[in-house]
Asker: 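Below: one structure in structure tokens.
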Amino acid sequence: MAYYFSEVSHTFNEYLLVPGYSSAECIPANVSLRTPLVKFKKGEEPAISMNIPLTSAIMQSVSGDRLAVALAREGGVSFIYGSQSIADEAAMVERAKSYKAGFVVSESNVTPESTLLDILELKAKNGHSTVAVTSDGQPDGKLLGIVTSRDYRVSRMSEDTKVKDFMTPLSSLVVGEEDTTLKQANDIIWEHKLNSLPIVDKNGNLKYFVFRKDYDAHKENPNELLDSQKRYIVGAGINTRDYEERIPALLAAGADVLCIDSSEGFSEWQARTLKFVREKYGDTVKIGAGNVVDREGFLFLAKAGADFVKVGIGGGSICITRETKGIGRGQATALIEVCKARDEYFEETGVYVPVCSDGGIVHDHHMTLALAMGADFMMLGRYFARFDESPTNKITINGNYYKEYWGEGSNRARNWQRYDLGGDKKLSFEEGVDSYVPYAGSLKDNVKLSLSKVKSTMCNCGALTIPELQKKAKLTLVSATSIIEGGAHDVIQKETSTGTVK
């Protein structure tokens, strides 16, 4: 006879937090959201911790190199999607890792014979306002000058004007030598009031740029997550098929942490992948696994060597696994059971394996609920897909802006490797949809707003850290009627700025 769980499967929306005693120190400014990303032994520090409990989903429509940089600036980690060629994913990782090295390899380069049109096209493509002029148009060619937005005026110049006619020539530039340190470079930038400093070798070949904005960005983003070389921490997704080739390439590109991207993690395929990593790299390579929804699944992956375990099946906004296959579990119930198993495993073994809540986050307060239920951090797809930094197109529908968002289980993603059932390189049926999400602006502004709500609620619970929240939180199930009571009701709201009545 089949096993029946005695408890009903619940979602985040069915719970509320009950306030606890708040001392005078419980103010949002005093709250720390620092949290472990990978496993560690009792009494030791984790190899990687995050300054905010947010990671971005391993999805084509979410996690490219641009979003990886933006999220690392705020203190989280993006997992660049693996449903692309090994070379393309490694290149994305490398671009994100090199972005904040202090010394940046030039991505926008032209020759003196290039035109203003070439400059404008490069700026549209890469978003860079500083373009290097080299003898061969390569990032390591002989430096002849640079072009910035101050060197041209589109309204007064023909697009076929040659770069050599309006660039700032080498003779007018301040440059640094190859052995210039980052501190020295920044000192030169400030002394000469520069926006950037080209670094050249003894033969005059361009090596790097050092930008004033990187120094400023560090001051503006105190939570940014950096490795020992002052580069952004970047994650990458893998599958259970080509991992023997993909993992070495991603590590060579600089990936700090990996994660198996799969619709269901309680499988031999994931155990094989984890065994390969441990036998080849020991504990030097950090890799998460999942997804699971119960105690048994967590223990399986923890014992197999996972550095963190993802929880959630069928709860994503674009996921239709529960509809098509009838498999999954309410995210809140799954998370509570798995986190209890994690704590018991920690008591028995002295090894703490962080839990990632993946899916089911609809409102900002669901983040706080997930943390209170035991999650160390969350993985979000729809949330990040709405922002400028996601890889998808921004479009207008009936005068409103949207961004494209599709599931890895959709035919558009063509991510057959995610479904660990073997077989041909195709999807037999879809487990995700192709959709739009309302455009929301920049990642920085939205993350700041969302986490301000989390911090405020933590203070209501008398907690200044995530572990303290998990210890002090009091949760209550709510009825359908009380959910209605919690929103605006029995009133006619005034017109909004769009002229509609809500």
Side-chain angles (χ1 to χ4, degrees), residues 5 35-42 46-48 53 55 57-58 77 79 82 235-241 243-244 246-247 255 257-316 319 321 327-329 331 333-360 370 373-379 408 417-422:
F5 286 91
T35 192
L37 177 62
V38 297
K39 69 181 179 184
F40 58 94
K41 294 181 180 178
K42 190 173 185 178
I48 306 175
T55 62
I58 311 167
V77 173
F79 285 86
I238 64 167
N239 60 67
T240 58
R241 298 298 171 185
Y243 55 87
E244 293 187 16
R246 190 174 293 267
I247 290 176
V257 58
L258 307 173
C259 185
I260 302 172
D261 179 30
S262 173
S263 62
E264 203 276 300
F266 195 176
S267 73
E268 180 182 345
W269 304 106
Q270 295 222 1
R272 288 184 185 181
T273 306
L274 293 168
K275 182 179 179 182
F276 166 80
V277 170
R278 296 300 170 229
E279 289 181 348
K280 185 174 178 65
Y281 301 103
D283 287 329
T284 60
V285 170
K286 306 304 177 184
I287 178 170
N291 288 18
V292 298
V293 291
D294 65 0
R295 169 190 177 85
E296 193 176 1
F298 170 83
L299 293 175
F300 173 81
L301 291 177
K303 292 175 181 178
D307 280 292
F308 63 85
V309 173
K310 290 203 296 159
V311 177
I313 294 176
C319 184
T321 295
I327 193 168
R329 200 176 190 188
Q331 187 67 10
T333 300
L335 186 59
I336 290 168
E337 179 175 321
V338 169
C339 289
K340 183 179 179 182
R342 174 207 57 202
D343 293 343
E344 292 172 353
Y345 185 78
F346 180 50
E347 288 298 318
E348 293 171 6
T349 66
V351 177
Y352 188 91
V353 181
V355 167
C356 169
S357 179
D358 180 15
M373 290 172 181
D376 296 282
F377 58 95
M378 292 149 281
M379 180 170 280
E408 289 298 297
Q417 300 99 325
R418 192 171 190 268
Y419 299 87
D420 300 326
L421 302 176

Asker: Tell me whether Glu264 contacts the main-chain N or O of Phe266 through its side chain, where contact means a donor paired with an acceptor under 3.5 Å.
Answerer: yes

Asker: Mind listing the closest non-hydrogen atom pair of Arg246 and Gly82 along with its distance?
Answerer: NH1-O, 3.2 Å

Asker: Verify, without hydrogens or angle tests, whether Asp307 (side chain) and Ile287 (backbone) share a donor-acceptor contact under 3.5 angstrom.
Answerer: yes

Asker: Could you check whether any side-chain heavy atom of Val285 comes within less than 4.5 Å of a side-chain heavy atom of Leu258, counting everything from C-beta outward?
Answerer: yes

Asker: Among residues at least two apart in sequence or on other chains, which ones pass side-chain contact (heavy atoms from CB on, under 4.5 Å) with Val293?
Answerer: Ile313, Arg329, Ala334

Asker: Does atom CD of Glu296 have more than 12 heavy-atom neighbours, drawn from other residues, nucleotides or ligands, at distances under 6.0 Å?
Answerer: no

Asker: Show your working on side chain to side chain donor-acceptor pair (under 3.5 Å) between Asp376 and Tyr352 and close with a plain yes or no.
Answerer: CA-CA 11 Å; Asp376 296 282; Tyr352 188 91; 2.6 Å; yes

Asker: Are Phe5 and Glu337 packed together at the side-chain level, in the sense that at least one heavy-atom pair is separated by less than 4.5 angstrom?
Answerer: yes

Asker: Which residue, Val257, Thr55, Val355, Leu301, forms the side chain to side chain contact (heavy atoms under 4.5 Å, CB included) with Phe308?
Answerer: Val257

Asker: Do any N or O atoms from the side chain of Arg278 and from the backbone of Thr273 form a donor-acceptor pair under 3.5 angstrom?
Answerer: no

Asker: Side chains of Ser357 and Met379: closer than 4.5 Å at any heavy-atom pair?
Answerer: no

Asker: Could you tell me which non-hydrogen atom of Ala341 sits nearest to which non-hydrogen atom of Arg295, and how far apart they are?
Answerer: CB-CG, 3.7 Å

Asker: Could you tell me whether a side-chain N or O of Gln331 sits under 3.5 Å from a main-chain N or O of Val311, the two making a donor and an acceptor?
Answerer: yes

Asker: Please confirm whether the backbone N or O of Asp283 pairs with a side-chain atom of Lys286, one donor and one acceptor, at under 3.5 Å?
Answerer: yes

